[in-house]
Amino acid sequence: MLLATRCPACRTVGPAPCAACIASMAPSAAVPTPPGLDACRALLDYDGPARTVVAQLKYRNARSTASWLAVGVAGLVPAEEVDLVTWAPTTDLRRRSRGFDHAELLARKVAAQLGRPCWSVLVREPGPPQTGRTLVERRDGPEFVPRRTVRGASVLLVDDVVTTGATLAAAARALRTVGAARVIGVAAAHPR
């Protein structure tokens, strides 16, 4: 039995997201570049249907929009500027409870769009999620430990939402310790 695809934002049967929701999504404003990154870009303003689409992917495993988001995120960076793609991973605990890592899913699809390899480079140490924390609490960011070298590479670092940039900054610091020459951060969304 096949189940119909639904737009995760408005629940209309059909493409995910639907044309009406796509039309109502605003592009992201310019994203301030967090420390340690050479550039940072986001696809959508994290509001309205875009917020719902990203949240459904992250918390409800609504993978139907991952390919659509990946096409848009990949379009933020010329492929020739990237040697490899990686992501800012969630903790092992959250990965087990959700059954997947949404940032990894998005990163692998972005890498496929760009025709670049996707490597698991970082491990996130246990700690509180960034979601729900105040801006001051978020600034410390999570801790990442590198698991392999990327010496001399231009790395595209993927995440779902860039708010303060603390997660991307922490991931970039870890990437620099294993030789990343450039780190470009990209995300599906950024709040205004």
Side-chain angles (χ1 to χ4, degrees), residues 26-47 50-51 53-55 57-58 66 68-91 101-125 127 129-131 133 135 138-192:
S28 173
V31 179
T33 303
L37 278 80
D38 296 288
C40 190
R41 302 172 188 125
L43 178 63
L44 301 167
D45 179 26
Y46 192 52
D47 191 34
R51 184 182 190 97
V53 164
V54 173
L57 171 63
K58 182 173 186 172
W68 179 82
L69 286 168
V71 168
V73 171
L76 298 173
V77 180
E80 61 272 7
E81 290 185 15
V82 176
D83 295 320
L84 68 101
V85 178
T86 194
W87 61 95
T90 191
T91 63
D101 185 331
H102 60 287
E104 176 183 3
L105 175 68
L106 186 57
R108 292 197 182 282
K109 290 183 177 290
V110 168
Q113 286 293 317
L114 293 172
R116 295 295 185 256
C118 188
W119 293 358
S120 175
V121 179
L122 303 171
V123 175
R124 188 171 182 155
E125 296 286 14
Q130 292 289 80
T131 305
R133 298 176 81 196
L135 290 177
R138 284 176 183 249
R139 288 180 207 238
D140 289 336
E143 296 284 328
F144 293 99
V145 176
R147 63 184 328 156
R148 67 190 300 179
T149 186
V150 293
R151 194 160 322 283
S154 179
V155 180
L156 185 65
L157 176 61
V158 178
D159 204 1
D160 60 338
V161 179
V162 57
T163 305
T164 63
T167 297
L168 291 177
R173 274 193 306 275
L175 289 169
R176 298 285 187 184
T177 67
V178 289
R182 293 189 72 219
V183 180
I184 302 166
V186 290
H190 170 64
R192 286 187 194 257

(Q) Please evaluate residues L156 and V110 with respect to the criterion side-chain contact (heavy atoms from CB on, under 4.5 Å), reporting the C-alpha separation (whole Å), side-chain torsions for both, the decisive distance (0.1 Å), and the verdict. (A) CA-CA 10 Å; L156 185 65; V110 168; 3.9 Å; yes
Q: Go through R41 and I184 one step at a time and tell me if the side-chain contact (heavy atoms from CB on, under 4.5 Å) criterion holds.
A: CA-CA 8 Å; R41 302 172 188 125; I184 302 166; 4.0 Å; yes
Q: Examine distances only and state if a side-chain atom of T149 and a backbone atom of V178 form a donor-acceptor pair shorter than 3.5 Å.
A: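 Here the side-chain-to-backbone pair exists.
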Q | Side-chain (S154) to main-chain (D83) donor-acceptor, under 3.5 angstrom | A |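 Judged by distance alone, no pair lies under 3.5 Å.
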Q) In chain order, what residues pass the side-chain contact (heavy atoms from CB on, under 4.5 Å) check against T177, with sequence neighbours excluded? A)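 So T177 forms a side-chain contact (heavy atoms from CB on, under 4.5 Å) with P146.
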Mind listing the closest non-hydrogen atom pair of [X] and [Y] along with its distance?
X    : Y    : result
R116 : V82  : NE-O, 2.6 Å
A103 : A88  : CB-O, 3.7 Å
F144 : T167 : CE1-O, 3.6 Å

Q. What distance separates L114 CG from L84 CG, expressed to the nearest 0.5 Å?
A.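 Here the rounded value is 11.5 Å.
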Q) What do the steps show when you test L157 against V121 for side-chain contact (heavy atoms from CB on, under 4.5 Å), and what is the final call? A) CA-CA 10 Å; L157 176 61; V121 179; over 6 Å; no
Q. Taking only residues two or more places apart in sequence or in another chain, which ones pass salt bridge (Lys or Arg N to Asp or Glu O under 4.0 Å) with D160?
A.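 Listed in chain order: K58.
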Q. What pairs with D38 under salt bridge (Lys or Arg N to Asp or Glu O under 4.0 Å), at least two apart in sequence or on another chain?
A.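 Salt bridge (Lys or Arg N to Asp or Glu O under 4.0 Å) list for D38, sorted by chain: R176.
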Q. Got L57 and L105 here, is their nearest side-chain heavy-atom distance under 4.5 Å?
A.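 Result yes, sub-4.5 Å side-chain heavy-atom pair found.
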